[in-house]
Amino acid sequence: MHRRIIAPGALAAASVLLAIPASAASASPGTPGIGDPYYPAYGNGGYDVSHYDLRLKYQPATDELEGTATILAKTTQDLSRFDLDFLLDVSEVRVDGAVAAFTTSGEHELEITPKTPLAKGATVTVVVRYSGIPSSKQAYGFTSWHRTADGGVGANEPEAAWWWFPSNDHPLDKATYDVSVLVPDGSQAISNGTLQSTSSRLGWTRYNWRSNKPQATYLATLAVGRFDITTGTTESGIPVVNAYSKDLGDNAGAARASIERTGEIADWLSGYFGPYPFDALGGYVPNTNTGYALETQTRPFYSPRQFANGSNVSVVVHELAHQWYGDYVSVAGWKDIWLNEGFARYAQWLWSEHEGEGTAQELADYVYASHPADDAFWTVKPGDPGAADQFDIAVYDRGALAVQALRNKIGDDAFFTVLKGWPKKHAYGNASVADLQKYAEQISGKELGPLFDTWLFQPAKPAAPAARTASIAKVPAAPAQPKSWKKIAATDDVHEH
């Protein structure tokens, strides 16, 4: 009989192994990026967020923000560590109630190590306590937090969340939101969705906002300031909340004359895109000095500069079109930006038709003729423009040209079926340019690869025969400028993110 001798140390090691959860042996850190080639460090791997509960306190006089973020998520791998995207100062992190270790790395990574590894498929609750002055923080040399005379605003694309709440910051990880903000009496807090309640005590007022449909992180917004607020209801029954800074000066009238038409325009767009997909609507204009507008979900952000030359209904059309193309259906990756901007620009062309100020075809011919073959405009590929050109004007105007080319190729019946059916097909989810091509082929029964390649992926002006095939620039003489063109061009600042 041979007796096997086991050393005491080996027994101890075996006991430790038995005590470790089965998943721990295979647990590894989640990646510090979600895998987007345009922005490798944006988003994170290893988990999916389902809900953000943000309880905040903000002091407009000093730009000080205190917050407790409760994040509900599900792990997609065995996790030993995971990241959140965030810039403010963290005082404590808990994972499933237990204190977790944390540190920072890179430009905006908050690395969290839970007390014990997390098994794949686990439902996890993460609580982050934090504070800081958002306007004092920069990443990659810029800030997405806009300090105003009466407060501050978080709104930008493709990133804005880092300055006011920890998140998995990429459109692929959409979630619902509760945003509760305590501000001094006399100030208001504006966010997405519906205002659930307000309460006042000891000189402070709390605003409780809820977004009950999946929302990308860059579409979440917060604005604190002194606002005039209007309320109403669309003809289809959607509640509308609009907010205007009390310090808009000469731009105040034009801003209101534009944004107060939000309900009308949303109802009109629903005729093309299908029923409005959310339970709240509106817009807000803080007294920022930025130039762009942004389709923050249910309540777009507008810069006062958008209204410097008078009313600008076209920009409202653009941002509301995004509620379907960009918000309801979000990009699978940032290279798919044409799905947002090309169709939102095209909505402005449809509005031009509606107003009798130039058809979409006339606008397409004018854009085509306005850019000679050697214009750098044609070197930008709307279907994959690259991070540096993601918001180039060509993504908008050449992008809308591609939409018109599609319309002409498949005919109005199929085209408007695609326009309305596409958001419903990918409701509250994500999709790519390739997905749209496949869907349009299914609806039209036509092979569209060459058309998509010509108009979206070739860094050159489509040749005249190709243009004539698509019924664009078919007239030999230079087309006249459509009446709506200056109004549409006045919205070009929307791409200056």
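Computation of the quantities below employed the complete heavy-atom set of this structure, encompassing side-chain atoms and omitting hydrogens, waters and symmetry-equivalent molecules. Bear in mind that the values here come from a model prediction, so they are computed numbers and not experimental data.
- Partner of W162 under the side chain to side chain donor-acceptor pair (under 3.5 Å) criterion, out of T143, D169, D85: D169 alone.
- Using a 4.5 Å heavy-atom threshold, the side chains of E109 and N44 count as touching.
- Under 4.0 Å is where a charged nitrogen must lie from a carboxylate oxygen, and between R256 and D228 at least one such pair does.
- No donor-acceptor contact under 3.5 angstrom links the side chains of S211 and Q297, judged on distance only.
- Relative orientation of the F142 and W163 rings is tilted, given thresholds of 30° and 60° on the angle between their planes.
- Proximity of D96 to P114: side-chain heavy atoms (C-beta onward) are nowhere separated by under 4.5 Å.
- By the 6.0 Å contact criterion, CZ on R147 is enclosed, its count of non-hydrogen atoms from other residues, nucleotides or ligands being greater than 12.
- Using a 3.5 Å distance cut-off with no hydrogens or angles, the side chains of T70 and R55 do not pair a donor with an acceptor.
- Contact check on K120 versus D78 returns no salt bridge, with no Lys/Arg side-chain nitrogen under 4.0 Å from an Asp/Glu carboxylate oxygen.
- Side chains of Y302 and F307 form a contact here, defined as non-hydrogen atoms less than 4.5 Å apart.
- Taking the ring axis of F278 as reference, the NZ or CZ atom of K213 does not stay both within 45° of it and closer than 6.0 Å to the ring centre.
- Taking the six-membered ring for Trp and the full ring otherwise, Y328 and Y428 have centroids separated by under 6.0 Å.
- Atom CG of residue N208 and atom OG1 of residue T194 lie 10.5 Å apart, to the nearest 0.5 angstrom.
- For D89 and K137, the salt-bridge test passes: some basic side-chain N is under 4.0 Å from an acidic carboxylate O.
- Among the candidates D83, D173, T217, the single residue satisfying the side chain to side chain donor-acceptor pair (under 3.5 Å) test with N168 is D173.
- Side-chain contact, D327 with Q215: no donor N or O sits under 3.5 Å from an acceptor N or O.
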Donor-acceptor pairs are to be reported for all side-chain atoms of residues 126-134 against protein atoms at under 3.5 Å, with residues two or more places apart or in another chain.
residue	atom	partner	partner atom	Å
R129	NE	E92	OE1	3.1
Y130	OH	W164	O	2.8

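- Atom CG of N289 has 12 or fewer heavy atoms from other residues, nucleotides or ligands within 6.0 Å.
- Just one of F165, Y39, F301, W334 meets the ring pair (Phe, Tyr, Trp, His ring centres under 6.0 Å) condition when paired with Y218; it is W334.
- The distance from atom CG of D36 to atom CG of D336, rounded to the nearest 0.5 Å, is 8.5 Å.
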